[in-house]
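Quick notes on the structure that follows.
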Amino acid sequence: MTSIIDDIYDVYGTLEELVLFTDAIERWEKNALDQLPEYMKLCYQALLDVYDMIDEEMAKEGKSYRVNYAKSEMKNLVKAYFEEAKWYHEGYVPSMEEYMRVALPTSGYKMVATTSLVGMGDLVTKEGFKWLSSDPLILEAASVICRLMDDMASHKVRYIND
């Protein structure tokens, strides 16, 4: 799902469409479907459906709060995707500091880490989610490594194909 959303931001969406898509995900409401272009509707509906299914399961266990953490990280990821798309569409080249501020969330590492904890039963506590959402140094370091490795691999592929 995240790969499809990433492709919408990187390849398919116009800036105007991405504004609508970002807003829809930020609002996280079914009626936001009406404002989206056709090709985004399927993805948005699938996103809502996946999180609704997870929420139903977590509600049975009294752990719906976990889904809120996962949604929050998905929203943060999408906001960062939008920032990168805006830079691209505007021809803006960010400073390294600006780039890293946005690139770390777009690595997806924090979103995946948070979402991975949702269904782990009693092994994970509310304090664990709070700790993860506080951006611990180990998560930032892992995100930096993940992002830079991905950037190097992407650069090599572009360089070889040019």
Side-chain angles (χ1 to χ4, degrees), residues 1-89 101-136 138-140 142-147 149-151 153-154 157:
M1 173 112 311
T2 307
S3 293
I4 293 167
I5 293 171
D6 184 36
D7 287 348
I8 287 173
Y9 280 90
D10 286 350
V11 180
Y12 299 107
T14 66
L15 194 54
E16 296 77 24
E17 292 169 341
L18 296 175
V19 167
L20 298 173
F21 195 58
T22 305
D23 179 62
I25 293 174
E26 183 63 34
R27 291 179 20 218
W28 210 279
E29 297 171 352
K30 198 169 203 103
N31 65 5
L33 270 170
D34 299 335
Q35 71 184 23
L36 296 175
E38 285 303 315
Y39 77 96
M40 287 181 173
K41 287 181 180 182
L42 183 62
C43 180
Y44 183 67
Q45 184 64 61
L47 181 69
L48 294 178
D49 290 348
V50 165
Y51 280 82
D52 283 348
M53 287 186 333
I54 296 168
D55 196 23
E56 285 175 23
E57 287 299 312
M58 291 298 103
K60 291 175 188 174
E61 300 174 25
K63 297 177 181 172
S64 285
Y65 72 90
R66 294 177 175 203
V67 181
N68 293 331
Y69 282 98
K71 284 180 185 178
S72 178
E73 287 311 319
M74 178 58 79
K75 290 177 183 183
N76 289 337
L77 178 64
V78 164
K79 283 187 262 186
Y81 282 160
F82 179 69
E83 188 69 25
E84 285 184 340
K86 217 166 56 170
W87 289 343
Y88 173 78
H89 286 280
R101 179 183 48 79
V102 173
L104 292 184
T106 63
S107 74
Y109 205 83
K110 185 174 181 186
M111 189 278 301
V112 169
T114 302
T115 303
S116 296
L117 297 179
V118 171
M120 292 188 75
D122 294 333
L123 291 173
V124 181
T125 63
K126 194 170 198 169
E127 288 72 29
F129 281 97
K130 287 180 183 177
W131 174 78
L132 194 56
S133 68
S134 74
D135 296 322
I138 192 166
L139 180 68
E140 183 179 343
S143 295
V144 168
I145 291 167
C146 181
R147 166 50 58 205
M149 286 178 62
D150 183 59
D151 287 351
S154 295
V157 168

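In this model, no donor atom of one side chain and acceptor atom of the other lie less than 3.5 Å apart for Thr115 and Glu73.
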Inset, instruction - Evaluate side-chain contact (heavy atoms from CB on, under 4.5 Å) for Val102 paired with Trp87, printing each intermediate quantity in order. - result: CA-CA 11 Å; Val102 173; Trp87 289 343; 3.5 Å; yes
Legend entry - Evaluation steps, side chain to side chain donor-acceptor pair (under 3.5 Å), between Tyr9 and Thr22: CA-CA 10 Å; Tyr9 280 90; Thr22 305; 2.6 Å; yes
Inset, instruction - Determine, step by step, whether Glu17 and Thr14 satisfy the side-chain contact (heavy atoms from CB on, under 4.5 Å) criterion, reporting the C-alpha distance in whole Å, the side-chain angles of both residues, the deciding distance to 0.1 Å, and the verdict. - result: CA-CA 5 Å; Glu17 292 169 341; Thr14 66; 3.2 Å; yes
Inset, instruction - Show your working on side-chain contact (heavy atoms from CB on, under 4.5 Å) between Phe82 and Leu15 and close with a plain yes or no. - result: CA-CA 9 Å; Phe82 179 69; Leu15 194 54; 3.9 Å; yes
Inset, instruction - Start with the C-alpha distance between Arg27 and Gln35, add both sets of side-chain angles, then the distance that settles side-chain contact (heavy atoms from CB on, under 4.5 Å), and finish with yes or no. - result: CA-CA 12 Å; Arg27 291 179 20 218; Gln35 71 184 23; 3.2 Å; yes
Legend entry - Evaluation steps, salt bridge (Lys or Arg N to Asp or Glu O under 4.0 Å), between Lys63 and Asp122: CA-CA 10 Å; Lys63 297 177 181 172; Asp122 294 333; 2.6 Å; yes
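Between atom CD of residue Glu16 and atom NE2 of residue His89 there is a gap of 8.5 Å, rounded to the nearest 0.5 Å. To the nearest 0.5 angstrom, Ser143 atom OG is 11.5 Å from Met111 atom CE. Here NZ of Lys110 is found 6.5 Å from CG of Asn76. Values are rounded to the nearest 0.5 Å. The distance from atom CD of Glu29 to atom CG of Asp23, rounded to the nearest 0.5 Å, is 9.0 Å. Annotation: the span from Leu77 atom CG to Ile5 atom CD1 amounts to 7.5 Å, rounded to 0.5 Å. Considering CG of Leu18 and NZ of Lys86, their distance stands at 11.5 Å, rounded to 0.5 Å.
Side-chain contact between Val118 and Val124: absent, with no pair of heavy atoms (C-beta onward) separated by less than 4.5 Å. Considering only heavy atoms from C-beta on, Tyr12 stays 4.5 Å or farther from Met40 through its side chain. Leu47 is listed as a side-chain neighbour of Trp28, based on a closest heavy-atom distance under 4.5 Å. With contacts defined as side-chain heavy-atom distances shorter than 4.5 Å, the pair Pro105/Tyr81 does not qualify.
Residue Glu140 places its CD atom among 12 or fewer non-hydrogen atoms of other residues, nucleotides or ligands, all under 6.0 Å distant. Taking a 6.0 Å sphere around CG of Leu33, one finds it holds more than 12 heavy atoms contributed by other residues, nucleotides or ligands. Other residues, nucleotides and ligands contribute over 12 non-hydrogen atoms within 6.0 Å of the CG atom of Asp34. The number of heavy atoms from other shown groups lying within 6.0 Å of CD1 (Ile138) does not exceed 12.
A salt bridge does not link Lys130 to Glu127: none of the charged side-chain nitrogens sits closer than 4.0 Å to a carboxylate oxygen.
In this structure, Phe129 and Tyr65 have perpendicular ring planes: the angle between them is above 60°, well past the 30° mark.
Nearest heavy atoms, Ala46 versus Met1: CB-CE, 3.5 Å. Minimum interatomic distance between Asp55 and Ser64 (heavy atoms only, all atoms of both residues): OD1-OG, 3.1 Å. Considering every non-hydrogen atom in both Thr106 and Ala80, the closest pair reads CG2-CB, 3.5 Å. When every heavy atom of Thr114 is checked against every heavy atom of Leu132, the shortest pair comes out as OG1-CD2, 3.3 Å. Nearest heavy atoms, Lys41 versus Leu36: CE-O, 3.0 Å.
A donor-acceptor pair under 3.5 Å is absent between the side-chain atoms of Arg66 and the main chain of Ile54, judged by distance alone. At least one donor-acceptor pair under 3.5 Å links the side chain of Tyr44 to the backbone N or O of Ala24. Under the 3.5 Å distance criterion, the side-chain polar atoms of Arg147 are left unmatched by any main-chain donor or acceptor of Leu104. Although no hydrogens or angles enter the test, the distance criterion places no donor-acceptor pair under 3.5 Å between the side chain of Ser72 and the main chain of Tyr69.
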